[in-house]
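Data block below; observations after.
Worth knowing before you read on, the calculation uses all heavy atoms, side chains too, and leaves out hydrogens, waters and symmetry mates. None of these values were measured; they are calculated from a predicted model. Just follow the structure's listing: the first ligand is 1, and inside any ligand the first atom is 1. The first residue of the sequence shown is numbered 1, and numbering continues consecutively from there.
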Amino acid sequence: MKLIIMGAPGSGKGTQSEFIVNDYKLVHISTGDILRSNMKAGTELGKQAKSYIDAGQLVPDDVIIGLIKDRLSQDDCKAGYLLDGFPRTVEQADALSAITEIDAAINLVTDNEKLKTRFTDRRVCPECGLSTSVKTCTSNVCPKCGKNLIIRDDDREEVVTKRLQTYESQTKPLVDYYKAKGLLKNVDGMQSVENVAASVREVINQL
Ligand code: AP5
Ligand code: MG
């Protein structure tokens with residue numbers, strides 16, 4: 001199975017991806033996670049991506065498309081994968097459809113004005129990438145690998161505002177793009193984490 005999970009920043013893509021890849025034995029491919037681990041390792045890609053990420057802008061399409069082509073050609077992807085945070089522009093979506101067909105694009109529908117507290121509450125693990133919230137994880141230690149949790153650099157208020165604007169102008173058009181292809185599956189992303197997960201499972205089980 002080849003799936004996309006899409007939605008605004010903070011809509012819950014990473015959170016739901018954890019459940020989906022475990023339940024359906026898919027490879028989780030998050031372009032945001034790949035870029036952050038390159039930033040942490042100080043690679044050329046990481047250095048290039050940092051200025052865009054810090055400004056709440058998208059990393060250029062040619063860079064991301066090259067990265068995804070390389071990732072999808074690896075052996076572990078043969079069993080199926082979940083794309084999280086890719087595609088994010090029509091150009092990226094066209095590039096993906098030239099590589100492969102997908103089974104569905106699951107779109108987490110959110111009221112973006114009400115998402116702001118999700119960014120202030122979010123804590124992430126710099127080691128394993130786990131994303132959680134102070135509302136559900138009261139300890140400052142990653143429940144998965146034991147490292148200290150941190151606040152993501154791009155969760156500062158001014159960057160969040162820009163990320164949400166970037167989403168509206170460059171990524172939201174993909175909702176109509178996948179609707180036109182008959183692949184769009186809308187899920188209410190304002191429900192509790194558990195209820196979103198149940199709705200997502202319902203969608204996948206009907207594919
Ligand atoms: P990326 O890492 O993809 O970030 P994003 O799309 O902005 O989304 P987030 O990761 O912030 O949110 P999420 O939807 O995963 O929500 P989460 O589950 O964590 O991209 C970062 C940057 O990299 C981009 O800005 C761009 O610069 C660059 N980039 C990445 N991909 C790119 C591409 N393809 N092209 C170009 N540039 C690219 O949840 C958020 C919080 O809410 C958590 O604390 C969570 O616990 C909580 N939460 C989740 N669900 C719920 C719920 N139902 N109820 C209450 N709280 C919830
Ligand atoms: Mg994410």
Side-chain angles (χ1 to χ4, degrees), residues 4-21 28-39 45-46 48-69 71-72 82-96 106-112 114-125 129-138 142-143 149-156 158-172 174 187-200:
I4 294 171
I5 186 152
M6 54 196 264
S11 59
K13 301 181 296 295
T15 304
Q16 296 302 324
S17 292
E18 287 271 323
F19 301 129
I20 301 170
V21 297
H28 181 202
I29 301 175
S30 156
T31 40
D33 286 351
I34 295 171
L35 295 172
R36 278 185 290 277
S37 67
N38 274 275
M39 279 160 60
L45 170 62
Q48 201 182 350
K50 187 174 169 27
S51 58
Y52 295 99
I53 292 179
D54 285 352
Q57 293 169 355
L58 296 183
V59 175
D61 283 333
D62 57 337
V63 174
I64 296 289
I65 291 167
L67 180 161
I68 278 288
K69 271 190 184 155
R71 184 65 190 89
L72 296 185
L82 172 69
L83 295 168
D84 161 6
F86 177 91
R88 245 176 159 101
T89 62
V90 169
E91 191 170 340
Q92 291 180 19
D94 284 340
L96 177 63
I106 300 166
N107 179 38
L108 300 177
V109 182
T110 46
D111 177 346
N112 297 344
K114 293 186 181 155
L115 292 182
K116 301 263 162 100
T117 58
R118 291 197 188 178
F119 300 101
T120 44
D121 290 347
R122 172 162 50 190
R123 297 294 179 273
V124 295
C125 177
L130 178 115
S131 172
T132 185
S133 164
V134 291
K135 290 217 172 87
T136 48
C137 182
T138 45
C142 175
L149 298 171
I150 58 164
I151 298 174
R152 236 168 77 173
D153 272 351
D154 60 347
D155 278 350
R156 281 173 290 126
E158 65 277 18
V159 186
V160 165
T161 303
K162 182 66 193 152
R163 282 163 64 198
L164 289 166
Q165 286 167 356
T166 302
Y167 169 77
E168 290 292 329
S169 61
Q170 290 180 264
T171 307
K172 207 172 175 187
L174 294 183
V187 167
D188 176 5
M190 299 308 289
Q191 308 174 82
S192 67
V193 169
E194 295 72 22
N195 287 349
V196 177
S199 303
V200 167

- Item | Approximate separation, where rounding is to 0.5 Å, of Leu72 CG and Ile29 CD1 | 5.0 Å
[X] versus [Y], closest heavy-atom pair with distance:
X: Ile5; Y: Ser17; answer: CG2-OG, 3.6 Å
X: Phe19; Y: Ala197; answer: CD1-CB, 3.8 Å
X: Leu130; Y: Pro143; answer: CD2-CD, 3.7 Å
X: Phe86; Y: Ile4; answer: O-CG2, 3.9 Å
X: Leu174; Y: Ala93; answer: CD2-CB, 3.8 Å
X: Arg88; Y: Thr171; answer: O-OG1, 2.8 Å

Any N or O of [X] closer than 3.5 Å to N or O of ligand 1:
X: Ser131; result: yes
X: Gly85; result: yes
X: Gly12; result: yes
X: Pro9; result: no
X: Arg163; result: yes
X: Arg36; result: yes
X: Asp33; result: no
X: Asp155; result: no
X: Asp154; result: no
X: Arg152; result: yes

Identify the closest protein heavy atom to [atom]: which residue and atom is it, and at what distance?
atom: atom 19 (O) of ligand 1; value: Arg122 NH1, 2.7 Å
atom: atom 29 (N) of ligand 1; value: Leu35 CD1, 3.6 Å
atom: atom 5 (P) of ligand 1; value: Arg88 NH2, 3.2 Å
atom: atom 18 (O) of ligand 1; value: Thr15 OG1, 2.5 Å
atom: atom 37 (N) of ligand 1; value: Val59 N, 3.1 Å
atom: atom 13 (P) of ligand 1; value: Lys13 N, 3.5 Å
atom: atom 22 (C) of ligand 1; value: Ile53 CG1, 4.0 Å

Under 4.0 Å from a heavy atom of [X]: which atoms of ligand 1 are those, numbered in the order shown and with their elements?
X: Gln92; value: 33 (C), 34 (N), 35 (N), 36 (C)
X: Gln57; value: 26 (C), 27 (O)
X: Gly14; value: 13 (P), 15 (O), 18 (O)
X: Ala8; value: 14 (O)
X: Thr31; value: 30 (C), 31 (N), 32 (C), 33 (C), 34 (N)

Would you say the side-chain atoms of [X] pair up with the backbone N or O of [Y], donor to acceptor, closer than 3.5 Å?
X: Ser131; Y: Thr15; result: no
X: Asp188; Y: Met190; result: yes
X: Gln170; Y: Gln165; result: no
X: Arg118; Y: Leu115; result: no
X: Thr166; Y: Gly56; result: yes
X: Lys50; Y: Leu35; result: no
X: Arg163; Y: Asp154; result: yes
X: Lys13; Y: Gly7; result: yes

- Please work out whether any backbone atom (N, CA, C, O) or any side-chain heavy atom from C-beta onward of Ser192 is under 4.0 Å from ligand 1, and answer side chain, backbone, both or neither. backbone
- Does Leu58 approach ligand 1 within less than 4.0 angstrom via side chain, backbone, both or neither, non-hydrogen atoms only? both
- Item | Asp121 with Lys135: basic N within carboxylate O range, under 4.0 Å | yes
- Query: Do Asp54 and Lys162 sit within salt-bridge range, that is, some charged N less than 4.0 Å from a carboxylate O?
  - Reply: no
- Closest to atom 42 (O) of ligand 1 (heavy atoms only, candidates Arg118, Gln16, Gln191, Glu91) is Arg118
- Out of Ala55, Gly10, Gly129, whose heavy atom is nearest to atom 12 (O) of ligand 1? Gly10
Sub-4.0 Å heavy-atom contact, [X] with ligand 1:
X: Gly56; result: no
X: Gly7; result: no
X: Thr132; result: yes

